[in-house]
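Take a look at the structure below.
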Amino acid sequence: MNANFIKSVRALFGERRVKIVVEDVEEIPVPDQKLILCSVHAISETSYLLSRLNIQSDEITNMINIIFSDSTASITIAHFKRAIELAKTIGFHHINDRLHTAIAEEYCD
């Protein structure tokens with residue numbers, strides 16, 4: 001982890017104990033590569049989080065550019081319509097979570 005990232009977390013949370021979890025997704029059999037599917041929505045939320053942690057704009061841009069790849073999943077109207085259907089039964093309070101679920105339903109087993 002970048003030293004500036006750690007400083008930013010400390011500035012935000014002080015001396016409280018903070019747990020940062022990074023989870024790997026199941027490896028897809030591709031020779032000598034790992035494929036991580038990331039939605040544009042998740043990338044957007046990541047950039048927002050980094051800005052809230054007072055990470056500099058240039059550093060956020062560099063981090064986001066690393067994430068962008070051919071493995072980036074776009075959000076469609078169909079995804080949003082599915083998120084609305086989920087929200088009708090679960091609630092609209094965290095509609096972004098419903099959108100993540102709709103995207104995962106299409107791309108994940």
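Side-chain atoms are counted along with the backbone in the values below, which use heavy atoms only and exclude waters and symmetry mates. No experiment lies behind these values; they were computed from the predicted model shown.
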Residue pair Ile60 / Ile55: nearest heavy atoms and the distance that separates them:
CD1-O, 3.4 Å
Hydrophobic cluster membership, with links at side-chain heavy-atom distances under 4.5 Å among I/L/V/M/F/W/Y: are Ile90 and Ile103 in one?
no
Sequence neighbours excluded, which residues qualify as salt bridge (Lys or Arg N to Asp or Glu O under 4.0 Å) partners of Glu45?
none
Look up atom CD1 in Ile64 and atom CG in Leu50, then write down how far apart they are to the nearest 0.5 Å.
6.0 Å
Residues in side chain to side chain contact (heavy atoms under 4.5 Å, CB included) contact with Ser44, at least two apart in sequence or another chain
none
Which heavy-atom pair separates Ala83 from Ile95 by the least distance, and what is that distance?
O-CD1, 3.9 Å
Taking atom CG of Leu99 and atom NE2 of His94, what is their separation to the nearest 0.5 Å?
14.5 Å
Do any pairs count as a salt bridge (Lys or Arg N to Asp or Glu O under 4.0 Å) and have a residue in residues 84-93, sequence neighbours left out, and if so which ones?
Glu85-Lys88
Looking at Tyr48, I want to see if its OH is surrounded by more than 12 non-hydrogen atoms of other residues, nucleotides or ligands under 6.0 Å.
no
Can you name the ring-ring contact (aromatic ring centres under 6.0 Å, His included) partners of His100, sequence neighbours left out?
His41
Partners passing side chain to side chain donor-acceptor pair (under 3.5 Å) against Ser51 (at least two apart in sequence or in another chain):
none
Holding to side chain to side chain contact (heavy atoms under 4.5 Å, CB included), I want the full list of residues that pass it with Thr101, two or more places apart in sequence or in another chain.
Leu86, Glu105
Do Thr46 and Met63 have side chains that approach each other closer than 4.5 Å (heavy atoms only, starting at C-beta)?
no
Work out which heavy atom in Gly91 is nearest to a heavy atom in Arg98; give both atom names and the distance.
O-NE, 3.3 Å
